Amino acid sequence: MQILRHSTAHLLAAAVTELYPGTKYAIGPAIKEPPGFYYDFDFAEPISESDLRAIESRMRRIAQEGRPFEKEILPREKAIEEFRKRGQDYKLELIADKVSGDGVSVYRTGDFLDLCLGPHVSSTRDLKAFKLQRVSGAYWRGDEKKPQLTRIYGTAWQSQKELDEYLKFLEEAEKRDHKKLGKDLKLFAVDDRVGPGLPLWLPDGATIRRELERFIVDEELARGYQHVRTPDVARLDLFRQSGHAQLYAEYMYPPMKFEDGEELELRPVNCPHHIVIYQTELRSYRDLPLRIAEIGNNWRYERSGTLAGMNRVRSFALNDAHIFCTPDQLMDEVKGAIDLALYFSKVLGIDEFWYQLSTRDNVKEKWLGNEEQWQVAQANLAEALESMGQQYQTGVGEAAFYGPKIDFQVRDAHRREFTNSTVQVDFQLPERFDLEYVAEDGTRKRPVMVHRGAAGAMERLFSYLIERYAGAFPTWLHPTQVVVATVKDEFNEYARNVGARLRAARVRVEVDQRSERLDRKVRDAKLKKVPYLVVVGAKEVESGHVNVQNRASEKVDMSLESFVEMITAEIAERRR
RNA sequence: GCCCACGUAGCUCAGGCGGUAGAGCAUUUCCUUGGUAAGGAAAAGGUCCCCGGUUCGAAUCCGGGCGUGGGCUCCA
């Protein structure tokens with residue numbers, strides 16, 4: 001499949017060079033998620049998505065011609081000459097940088113020549129089911145200082161049937177998109193007047209968030225965390241001490257400056273505030289591990305082009321905690337943090353996720369601390385994962401500036417990857433803030449810090465859950481747990497009584513007393529994806545029962561009390 | 001920030017090659033009281049994202065902003 005897609009990328013480049021002579025082609029790999037390929041071009045004249053149709057039909061024509069994919073190993077000089085003749089500067093750069101030795105592997109497809117290791121399908125005739133999707137900008141070698149190329153994305157499959165299925169999947173993903181559902185279900189809103197990346201939580205969205213926060217905070221308290229509240233701002237000096245003002249500046253807002261010289265900064269992270277809480281007392285080894293938690297607001301100036309719905313915002317509430325512990329306790333604390341994240345994932349239905357161990361690269365200016373500390377921290381994280389039987393990938397250069405981290409990666413409805421939660425080991429901030437505890441022998445020692453966001457940021461978690469459940473949240477989370485609908489107005493009083501009984505049991509219930517037909521009330525409740533719909537009419541008034549139907553429209557007649565018992569148990573257990 | 005696309009009523013969208021706009025849903029009111037996915041009627045609702053320019057005239061054309069969506073190292 002990867003071979004097929006990679007070959008289709010070549011086909012795309014062949015079509016483009018025929019239609020737009022003089023276009024330089026850069027790189028064109030197959031990609032796994034989302035499944036497809038891209039090719040980056042340097043066009044003489046910019047193209048737009050409306051040009052894709054013509055390129056695609058040229059691709060089809062070449063495919064039908066059945067041109068073979070022919071591999072050749074050219075002597076280095078010969079390869080350079082060939083690409084120079086064609087004016088393919090990017091390929092020349094790649095040969096210079098990436099190809100060692102004398103043999104340069106190239107592929108020919110008719111006149112089109114590409115630097116490529118292969119392998120490929122044998123003929124363009126094998127490429128039957130593909131579609132060009134969109135064009136976007138991409139920097140040469142991912143570097144913003146280098147020229148921006150035009151990237152064309154497409155997808156390719158073995159058969160038309162598979163392609164159709166994939167396109168169908170994309171349509172379905174569109175329906176689950178949290179931005180769409182957030183609007184349809186009135187969960188959140190965005191408004192120019194408030195600003196980009198600053199979504200508003202509407203009442204139903206806020207209800208879900210409150211349930212999530214209660215769940216999270218209660219569980220953390222049960223696991224020995226202490227919850228605190230700290231302000232969203234601090235003097236800029238606090239972030240100078242932490243190093244954020246120097247190493248994290250690109251994400252920080254300009255400070256608020258006052259006449260008397262005071263400089264206040266919106267915090268991009270919570271750690272410095274929590275460190276200050278640690279230092280409000282002289283700590284003993286008996287106090288450790290000290291786990292300070294807060295669902296704290298953070299402010300990060302994300303580049304405007306990266307903002308997306310609730311997923312990437314400029315102000316968010318992180319389910320954060322900082323664990324201060326002795327080096328001996330470190331491993332257990334890391335494991336405990338992973339275990340908590342696993343527990344949250346299980347209850348919230350985050351079924352598909354994987355771990356990335358994010359480590360530093362060799363760019364010295366980006367990181368604090370010495371090599372040994374990083375090694376120890378990294379070893380601890382890796383060992384914790386391994387001892388828990390968990391597999392992980394490595395992301396070089398993706399560590400926090402003060403230490404390596406374990407990231408929990410998830411995918412949204414479109415299968416785009418995001419970090420949802422994280423566990424980080426930090427030897428640096430304890431030093432920068434001169435943290436201490438009194439050890440058993442009476443000497444002062446330095447604690448280690450673990451930063452962790454077990455359920456991630458509320459905004460991103462919310463966007464994930466909207467897509468995970470397509471708006472049909474588990475009962476404990478759903479903003480409206482029950483709708484009571486009457487068959488006709490004369491039963492409204494009974495319906496209000498049913499509503500009052502449920503409300504007394506802390507169930508979120510709406511009584512639909514509109515003078516509409518039952519059909520309409522059922523439809524509206526279904527569109528809101530309400531977990532339970534209760535219908536009351538003459539029969540129910542007479543028996544004191546309710547007619548209950550779930551999302552699958554399975555109807556059952558039961559006494560009001562047994563319904564209350566059933567739904568409250570479901571909510572209390574946070575059943576999915 | 002950069003590339004491409006988009007921005008018309010609360011929502012989803014028509015329309016408009018320059019002569020100040022329309023539908024459905026939602027909202028309000030009235031009628032209707034109907035047992036499991038849209039009962040009927042009427043009313044109200046718009047600086048056509050913003051600011052400039054061209055023009056007798058701009059929502060439409062041009063320029064500049066703002067915002068939204070997709071993308072911006074899965075690497076021969």
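All values reported here derive from a predicted model rather than from experimental measurement. To find a chain, count down the sequence lines: A is the first, B the second, and so on, and within it residues start at 1.
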Please name all residues satisfying side chain to side chain donor-acceptor pair (under 3.5 Å) with A/Ser559, sequence neighbours left out, ordered by chain then number.
-> A/Ser562
Verify the contact: side-chain N or O of A/Tyr153 to OP1 or OP2 of B/C72, cut-off strictly under 4.0 Å; return yes or no.
-> yes
Between A/Asp184 and A/Gly537, who's closer to the 5' end of RNA chain B by nearest nucleotide?
-> A/Asp184
What is the ring orientation for A/Phe401 with A/Tyr248, classed by angle as parallel under 30°, tilted 30 to 60°, or perpendicular over 60°?
-> tilted
Would you confirm whether the ring centroid of A/Tyr301 sits within less than 6.0 angstrom of the ring centroid of A/Tyr253?
-> yes
For nucleotides B/C49 and B/G67, find the distance between their P atoms and express it as a whole number of Å.
-> 16 Å
Base, sugar-phosphate, or nothing: which does A/Leu149 touch, judged by heavy atoms less than 4.0 Å apart?
-> nothing
Rounded to whole Å, the CG-P distance (A/Asn492 to B/G34) equals 13 Å
In whole angstrom, give me the gap between the C1' atoms of B/A21 and B/G46.
-> 9 Å
How would you label the contact of A/Glu540 with the nucleic acid (heavy atoms, under 4.0 Å): base, sugar-phosphate, or nothing?
-> base
Which part of the nucleic acid, if any, lies within reach of A/Pro34 when heavy atoms closer than 4.0 Å are counted: base, sugar-phosphate only, or nothing?
-> base
At under 4.0 Å between heavy atoms, what does A/Ala538 touch on the DNA or RNA strands: base, sugar-phosphate, or nothing?
-> base
Rounded to the Å, how far apart are A/Leu170 CG and B/G69 P?
-> 18 Å
Indicate whether OP1 or OP2 belonging to B/U12 is found under 4.0 Å from a side-chain N or O atom of A/Lys183.
-> yes
Roughly how many Å is it from CG in A/Leu115 to C1' in B/A76, rounded to a whole number?
-> 4 Å
Parallel under 30°, tilted from 30 to 60°, perpendicular over 60°: which one fits the rings of A/Tyr107 and A/His120?
-> perpendicular
Of the listed nucleotides B/A5, B/G35, B/G1, the one nearest the side chain of A/Val535 = B/G35
Can you check the A/Tyr38 OH to B/C3 C1' distance for me, whole Å?
-> 15 Å
Only one of A/Met310, A/Glu459, A/Lys183 forms a side chain to side chain contact (heavy atoms under 4.5 Å, CB included) with A/Phe188, so which one is it?
-> A/Met310
Using only side-chain N and O atoms of A/Lys555, determine if any of them is under 4.0 Å from OP1 or OP2 of B/U36.
-> no
Aromatic contact, A/Phe41 with A/Tyr25 (centres under 6.0 Å) | no
The side chain of A/Arg520 lies closest to which of these nucleotides: B/G71, B/G39, B/G1?
-> B/G39
In residues 530-542 of chain A, what donor-acceptor pairs under 3.5 Å come from side-chain atoms, sequence neighbours left out?
unit_1, atom_1, unit_2, atom_2, d
A/Tyr532, OH, A/Glu570, OE1, 2.5
A/Glu540, OE1, A/Gly537, N, 2.8

Among B/C72, B/A37, B/G71, the nucleotide that comes nearest once only the side chain of A/Thr306 is considered | B/C72
Under 3.5 Å donor-acceptor pair, A/Tyr139 side-chain atoms to B/G1 base atoms | yes
Is A/Asp114 touching bases, backbone alone, or none of the nucleic acid, heavy atoms closer than 4.0 Å?
-> nothing
Using the P atoms only, state how far B/A44 lies from B/G24, rounded to an integer number of Å.
-> 15 Å
Go ahead and write out RNA chain B as dot-bracket, 5' to 3': ( ) for pairs within the strand, [ ] for ones crossing earlier pairs, | when the partner sits on another strand, dots for unpaired; Watson-Crick or G-U wobble, both distances under 3.5 Å.
-> (((((((..((((.....[..)))).(((((.......))))).....(((((..]....))))))))))))....
Provide a list of protein-nucleic acid N or O atom pairs under 3.5 angstrom, restricted to nucleotides 29-32 of chain B.
unit_1, atom_1, unit_2, atom_2, d
B/U32, O4, A/Ser515, OG, 2.8

Greater than 12 external heavy atoms within 6.0 Å of A/Lys529's NZ | yes
Rounded to whole Å, the NE2-C1' distance (A/His6 to B/A76) equals 7 Å
Sequence neighbours excluded, every pair satisfying salt bridge (charged side-chain N to carboxylate O under 4.0 Å, His left out) that has a member inside residues 113-124 of chain A | A/Lys91-A/Asp114
What is the distance from NZ of A/Lys521 to P of B/U33, rounded to the nearest Å?
-> 14 Å
Whole-Å distance between B/A76 P and A/Phe41 CZ?
-> 16 Å
Given B/G39, B/G35, B/G71, which nucleotide is nearest the side-chain atoms of A/Arg151?
-> B/G71
Picking from B/G1, B/U36, B/A37, the nucleotide nearest the side-chain atoms of A/Leu518 would be B/U36
Identify the two heavy atoms, one from A/Arg460 and one from A/Thr419, that lie closest to each other, and give their separation to 0.1 Å.
-> NH1-O, 2.8 Å
Protein-nucleic acid N or O pairs under 3.5 Å, nucleotides 61-68 of chain B:
unit_1, atom_1, unit_2, atom_2, d
B/G67, O2', A/Asp192, OD1, 2.9

Regarding the side chain of A/Lys488, the nearest nucleotide among B/G34, B/A76, B/G71 is B/G34
d(CD, A/Gln133; C1', B/G69) in whole Å = 15 Å
Is any NZ, NE, NH1 or NH2 atom of the basic residue among A/Glu81 and A/Lys85 found under 4.0 Å from an Asp or Glu carboxylate oxygen of the other?
-> no
Would you classify A/Arg416 as touching base, sugar-phosphate or nothing, given that sugar-phosphate means primed atoms plus P, OP1 and OP2, and contacts are heavy atoms under 4.0 Å?
-> sugar-phosphate
Which part of the nucleic acid, if any, lies within contact of A/Arg303, taking any heavy atom under 4.0 Å across all strands shown: a base, the sugar-phosphate backbone alone, or nothing?
-> base
Using a strict 4.0 Å threshold on nitrogen-to-oxygen distance, state whether A/Arg176 and A/Glu172 make a salt bridge.
-> no
If you take atom types as modelled and just measure distance, does the side chain of A/Glu490 reach the base of B/U33 with a donor-acceptor pair under 3.5 Å?
-> no
Are A/Glu93 and A/Arg141 within salt-bridge range, i.e. N to O under 4.0 Å?
-> yes
Would the A/Trp157 and A/Tyr166 ring centres measure less than 6.0 Å apart?
-> yes
Remember a base hit wins even if backbone is also touched, and classify A/Ser105 as base, sugar-phosphate or nothing at under 4.0 Å, heavy atoms.
-> base
